[in-house]
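Structure, as structure tokens:
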Amino acid sequence: MPASVSPRLVPLLTLLLATLLLLSAGLYNGFPLVTSDSGSYINSAIHFEVPNDRPIVYGLFIRATGLKFSLWLVVLAQALLLAWVLLRCVAEFAPRVRHRSGRLVLVGLTLWATGASYYCCQLMPDIFSAIGLLALALLLLGPVRPVGERVGLLATAALATLMHNSNLLAFTLVVLGFGLVAWWQGLFRRQLASRRQWGLTTATVLACWVLLPAIHAAFGGGFVLSRATPVFLVGRLVEAGIVDKYLDRNCDTAQPLKLCAFRDKLPNDAITFLWDEKSPYYQTGGLEDNLDEYRTIVGHILTTPRYYPYLIQEGLRSTLRQLTHLGHGDGLVPFRENTNPYWKVQEFASYELKAYMSSLQNRGSLHFEDLNARFYGAVLLSLLVAAGLIGGARRSAVAAARYTPLLLLLLVLGLGLVANAFVTGALANVLDRLQGRVAWLLPFAALLVVAEHGPDGVRRAWQLWCRPAATPAPGEQSVI
């Protein structure tokens, strides 16, 4: 670094360079990436309308950051926020990497191995699932932080929680799950985690269950998380075959349900049920005409024990399936004329329409085969690193103490990955996009392990795991 550069500028320059790395996918594409849902979020930004099937918060974020001027500003804000929490995690969990250029290298390697920039550069709230998990890890672990940083992390966690209903439930499961493990393993008692900080973080996440409906009510959408939740749940239960079983038992009553007319014509998957214009949902009138009936169906199924074995089996199967669906490219197809994203980009920033239309995405020139092969390889290697770390820590209290910060990071991120897979897979749809948005955090954590302990440290952890177990000395206790 030149001597003329003020040391105070170094952190800012590091943050900006990390932000530039995170913007690489959008720059390569020629425009921020969009999915079929992007138009709905941009519409919320323009008209302040609460969608029936998702929170308005990401639309407000687009309006606040895009300034009704440029959609590039939206992904720039996302990249800045992600760069901040990534660099803070490197500093916290890999303190041996003191030089800021080394921290940038870790961020760059993560992006090369996982393609996380493709999520960061989407006009979608998906990247906030990863941002929120990283913020929660920093809040739940590590030392007591300065007030300014603590407030910033809490605000980031709250913002990420409010961005999507799946985040709201998944983050709640993460903080409650971490609290249970911390109590069971004595992490609070051994001061490996702060009970006060856990309580503050948990209160922040739980407060969002009230704050989100309040925001919707303020914008005329009613005090609800999402009006269309029963519709999505029925779609998921249709895909699982549970609605078929329900209709077989309830279509011979005096007041049969409207779905009974379609009991032999129900689609095989939730996406067709929810979005195909020829599906029973649309043929019977859509949201307003079906909401009460679908609430009744969901309520009866969830309160009737005979359906519980099917619900548990489907929940486990869908969660496990979602954990394996990580590939890039899901939904990143061309959205040209006469599509909702096209219309809304034109309405938000009409002068950007030419760049939007000439992007690689809208020319059908994005290909993900090589990236997906690299990403799956990185995830598998990361699982091996995590297994070695956990196994070595269980065989030696000395190793456990050495690896404790990173073991706890793996705990939080692991809870996050499983919670995300359960919430999205069991309650919505099994899609690559929904798990890939957080799965890249595992290779990031593995890189932190290697950066902090070196390849020899990982090798020694595996050697500890593979050797015969030794009898623990009196007073020895593993972190896990």
Side-chain angles (χ1 to χ4, degrees), residues 11-35 37-48 54-89 104 107 110-111 115-136 138 148-149 151-164 167 171 208 211-212 215 332 341 344-345 347-349 351-352 355-356 359 361 433 437-438 440-441:
L12 177 60
L13 289 174
T14 305
L15 178 65
L16 293 177
L17 286 172
T19 300
L20 185 62
L21 289 173
L22 289 165
L23 287 173
S24 57
L27 295 172
Y28 172 71
N29 181 55
F31 195 79
L33 297 145
V34 299
T35 74
D37 292 336
S38 298
S40 177
Y41 290 113
I42 299 173
N43 185 70
S44 295
I46 297 169
H47 301 291
F48 296 116
R54 67 198 73 227
I56 193 178
V57 177
Y58 187 66
L60 300 179
F61 178 81
I62 291 176
R63 183 61 175 256
T65 56
L67 303 174
K68 200 74 182 336
F69 171 70
S70 173
L71 291 167
W72 276 107
L73 296 175
V74 180
V75 294
L76 173 62
Q78 292 174 180
L80 274 169
L81 198 54
L82 180 57
W84 176 57
V85 291
L86 281 173
L87 291 172
R88 287 300 304 123
C89 282
L104 284 173
V107 173
T110 300
L111 300 183
S117 176
Y118 280 96
Y119 288 102
C120 185
C121 292
Q122 288 183 29
L123 292 169
M124 291 286 290
D126 289 351
I127 194 59
F128 283 92
S129 299
I131 291 173
L133 283 177
L134 293 172
L136 290 177
L138 289 166
E149 182 181 358
V151 170
L153 288 171
L154 286 170
T156 300
L159 178 65
T161 304
L162 295 168
M163 283 292 180
H164 202 275
N167 290 354
F171 293 172
C208 292
L211 182 56
L212 183 55
I215 293 172
L332 298 182
K344 296 309 172 182
V345 169
E347 189 175 358
F348 189 91
Y351 79 95
E352 292 188 320
Y356 168 78
S359 67
Q361 179 182 0
R433 175 176 63 84
R437 66 187 185 180
V438 293
W440 64 271
L441 293 174

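- Residue Gln122 forms a side chain to side chain contact (heavy atoms under 4.5 Å, CB included) with just one option from Asn29, Leu33, Ile127, and that option is Leu33.
- The backbone N or O of Leu20 lies less than 3.5 Å from no partner atom in the side chain of Ser24, so there is not a single donor-acceptor pair.
- Atom OG1 of Thr156 sits about 11.0 Å away from atom CG of Leu82, to the nearest 0.5 Å.
- Contacts of Phe69 classified as ring pair (Phe, Tyr, Trp, His ring centres under 6.0 Å), with partners at least two apart in sequence or in another chain: Tyr351.
- Using modelled atom types, one finds a donor on one side chain and an acceptor on the other under 3.5 Å when comparing Glu352 with Ser70.
- Listed for the Ser117 side chain is a donor-acceptor partner under 3.5 Å among the backbone atoms of Leu22.
- Taking the six-membered ring for Trp and the full ring otherwise, the centers of Tyr41 and Phe61 sit at least 6.0 Å from each other.
- With a 4.5 Å cut-off on side-chain heavy atoms, Trp440 and Tyr118 do not count as touching.
- When Pro55, Cys208, Pro125 are each tested for a side chain to side chain contact (heavy atoms under 4.5 Å, CB included) with Leu162, only one passes: Cys208.
- Put simply, the residue from Val74, Leu71, Asp37, Val34 that forms a side chain to side chain contact (heavy atoms under 4.5 Å, CB included) with Ile42 is Leu71.
- Considering every non-hydrogen atom in both Tyr356 and Pro341, the closest pair reads OH-CB, 3.6 Å.
- Between Asn167 and Ser129, the side chains place a donor N or O and an acceptor N or O closer than 3.5 Å (distance only, hydrogens not considered).
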